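Everything on this sheet refers to the single structure shown next.
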Amino acid sequence: MVHTVADIAAAYVGLWIVFHLLGADRTNLFVQYVQDMAYWLAGWSENIFTVESEGLRLVLNYALPALVYLLVGHAIAARIRRTR
């Protein structure tokens, strides 16, 4: 379960990165939903990296939480599996 939740969190953040880089229509309800979820999940890492390019800044500031969710979530899931 932990593994799946971590994957879903990382997927939302990763999907927002893709939407942003491809110029998805931000007035679309699905794109807004993904953006809101990604912002909520990655809010703790906002503006860690401050580079000039908006695209690169978004990728860096959102890729970090996606990687953290994947690494920590998978580590916790592996630890839980080992204790059983």
Side-chain angles (χ1 to χ4, degrees):
M1 179 96 151
V2 174
H3 185 267
T4 303
V5 171
D7 287 346
I8 291 170
Y12 273 117
V13 176
L15 190 56
W16 170 240
I17 291 170
V18 171
F19 281 169
H20 180 78
L21 292 177
L22 294 178
D25 180 13
R26 292 187 185 190
T27 61
N28 180 285
L29 290 177
F30 180 67
V31 174
Q32 287 177 357
Y33 175 74
V34 171
Q35 180 183 10
D36 291 342
M37 286 299 293
Y39 180 77
W40 184 73
L41 290 165
W44 58 267
S45 70
E46 185 176 356
N47 296 326
I48 286 180
F49 300 101
T50 54
V51 294
E52 292 296 319
S53 169
E54 180 186 349
L56 181 59
R57 184 174 58 245
L58 181 119
V59 168
L60 291 174
N61 286 319
Y62 280 82
L64 175 66
L67 289 174
V68 168
Y69 287 130
L70 285 176
L71 294 175
V72 171
H74 287 234
I76 291 171
R79 179 81 178 215
I80 290 170
R81 274 188 239 117
R82 264 191 274 136
T83 60
R84 287 184 178 191

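The structure presented is a predicted model; accordingly, all values stated were derived computationally and were not measured.
Residues Val34 and Trp40 share a hydrophobic cluster, clusters being chains of Ile/Leu/Val/Met/Phe/Trp/Tyr side chains in contact below 4.5 Å. Note on Ile17: it clusters hydrophobically with Tyr39, by side-chain heavy-atom contacts below 4.5 Å among ILVMFWY residues. Hydrophobic cluster membership is shared by Leu21 and Val31, with clusters built from Ile, Leu, Val, Met, Phe, Trp and Tyr side chains linked at under 4.5 angstrom.
Partners of Arg81 under the side chain to side chain donor-acceptor pair (under 3.5 Å) rule, at least two apart in sequence or in another chain, do not exist in this structure. Under the side chain to side chain contact (heavy atoms under 4.5 Å, CB included) criterion, Ile80 pairs with Val2, Ile76, Arg84, sequence neighbours left out. For the side chain to side chain donor-acceptor pair (under 3.5 Å) test, residues two or more places apart in sequence or in another chain that qualify with Asp25 are Thr27. Residues meeting the ring-ring contact (aromatic ring centres under 6.0 Å, His included) test with Tyr33, sequence neighbours left out: Tyr12. Every residue was checked against the side chain to side chain donor-acceptor pair (under 3.5 Å) condition with Gln32, not counting sequence neighbours, and none meets it.
Think of Leu22 as one node in a network of Ile, Leu, Val, Met, Phe, Trp and Tyr side chains linked at under 4.5 Å; its network also takes in Val18.
You'll find the side chain of Phe19 stays beyond 4.5 Å of the side chain of Arg26, heavy atoms only.
Applying the side-chain hydrogen bond (donor to acceptor under 3.5 Å, both in side chains) test to pairs two or more places apart or on separate chains, those with a residue in residues 63-78 are His3-His74, Asp7-His74, Trp44-Tyr69.
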Mind listing the side-chain donor-acceptor pairs of residues 48-68 below 3.5 Å, one per line with the distance, residues two or more places apart or on another chain?
| from | atom 1 | to | atom 2 | distance (Å) |
| --- | --- | --- | --- | --- |
| Ser53 | OG | Leu56 | N | 3.4 |
| Arg57 | NH1 | Val51 | O | 2.9 |
| Asn61 | OD1 | Ile48 | N | 3.1 |
| Asn61 | OD1 | Phe49 | N | 2.9 |
| Asn61 | ND2 | Phe49 | O | 3.1 |
| Asn61 | ND2 | Arg57 | O | 3.1 |

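With rounding to the nearest 0.5 angstrom, the CG atom of Leu15 is 13.0 Å from the CD1 atom of Ile8.
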